[in-house]
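Everything below concerns the one structure shown next.
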Number of protein chains: 2
Amino acid sequence: MKTFNIGELSNQSGVASHAIRFYERENLMPEPARTQSNYRRYPEDAVARLQFIIHAKQWGFTLDEIRELLMLQDANGDRAEAKRIASEQLEKIRHQIQSLSRIEAVLSKTLEECSGEGPMDGCPIVEAIAQER
Amino acid sequence: MKTFNIGELSNQSGVASHAIRFYERENLMPEPARTQSNYRRYPEDAVARLQFIIHAKQWGFTLDEIRELLMLQDANGDRAEAKRIASEQLEKIRHQIQSLSRIEAVLSKTLEECSGEGPMDGCPIVEAIAQER
DNA sequence: CTTGACCTTGAAGTTAACTTTAAGGTTATG
DNA sequence: CATAACCTTAAAGTTAACTTCAAGGTCAAG
């Protein structure tokens, strides 16, 4: 089977070498085998593991959460745990969408009210922000 | 007219004293008058200025952007500038909502597919994250 | 046999928006 | 007049997720 130096793994995965070593320190990547000269040698499936990390990050998981998911996989743990982590993530995302939507509504309405002409004094944007609630 | 020590201003505004001094260093708050013993004395309108900062933060503006807005107000600058800053903010918020909505859709669908029972091996959540795109 | 492209480690820097710590001076209260 | 509750400054710490730097060892090409 094929093995990679860290630079080759970096090219395959799109994750910088330093970030790979960082993930190792953070226990997201296992310690790989070493050559005689102490170079890291990675098995092929290291690429998939890094891509899992990348995708989970895109979904908004933190490295802490990703570590949890990876540890569950490594231990072939309980699927209920994974579902709990993902459900919490979904909740977070829904909250974010809600609060952003509220802001979007007020901000876009305010922008419509502002002609964009004239001095700051009396500007609807500023007044909307200054507004108490 | 009433004036406040920094602690009183902190109580009025809900912003920690240290944060107020931080805003002063960052040019969000003007340097206030000082007493003989070098204590800061704030005029009443400092409360409104801090509340403007708080609200703008809730709207997702960064301190850099808030500083811009405040400087425009202080200089009674051009309303068009304020509108530009707010429009950019609206764009950012809309982008965030869009990408979060995409994640929400995939994540909630994936969660429905996962019974939450059984071992990690074959868990739909993990497989969805591992998926290439 | 030297040059350049790799690899190693550990430590420090980055960003945002503060908070905490350290080491003191001032003021109000009993 | 002592003590607690304020205030002052500058500097360092916090969090996340890396990146950059420093100082060096290794390896392939010419």
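To find a chain, count down the sequence lines: A is the first, B the second, and so on, and within it residues start at 1. The model shown is predicted, which means the values in this text are computed figures rather than measured ones.
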Determine yes or no for a side-chain-to-main-chain donor-acceptor pair under 3.5 angstrom, with [X] supplying the side chain and [Y] the backbone.
{"X": "A/Ser101", "Y": "A/Ile97", "value": "yes"}
{"X": "B/Asn5", "Y": "B/Tyr39", "value": "no"}
{"X": "B/Arg79", "Y": "A/Pro119", "value": "yes"}
{"X": "A/Glu65", "Y": "A/Ile85", "value": "no"}

Subject >> Qualifying salt bridge (charged side-chain N to carboxylate O under 4.0 Å, His left out) pairs with a residue from residues 7-24 of chain A, counting only residues at least two apart or across chains >> reply: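 Every salt bridge (charged side-chain N to carboxylate O under 4.0 Å, His left out) pair that includes a residue of residues 7-24 of chain A, provided the two are not neighbours, is A/Glu24-A/Arg40.
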Original post:
Does B/Tyr23 make a side-chain N or O approach to OP1 or OP2 of C/dC18 shorter than 4.0 Å?
Top reply: yes
**OP:** Could you tell me whether B/Thr62 contacts a base, only the sugar-phosphate backbone, or nothing, with contacts defined as non-hydrogen atoms closer than 4.0 Å?
**Re:** sugar-phosphate
Original post:
Once you round to the nearest 0.5 Å, how far does CE of B/Met29 lie from CD1 of B/Ile53?
Top reply: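 Rounded to the nearest 0.5 Å, the CE-CD1 separation comes to 5.5 Å.
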Subject >> Nearest-neighbour nucleotide for the A/Ala16 side chain, D/dT19, D/dC18, C/dA17 considered >> reply: D/dT19
Original post:
Which atom pair, heavy atoms only, marks the closest approach of B/Leu28 to B/Leu63?
Top reply: CD2-O, 3.6 Å
Atom pairs under 3.5 Å: protein N/O with N/O of nucleotides 28-30 of chain D:
none

Original post:
How does each nucleotide of nucleotides 3-10 of chain D score, in 5' to 3' order, for protein heavy atoms under 4.0 Å: base (B), sugar-phosphate only (S), or none (-)?
Top reply: ---BSBB-
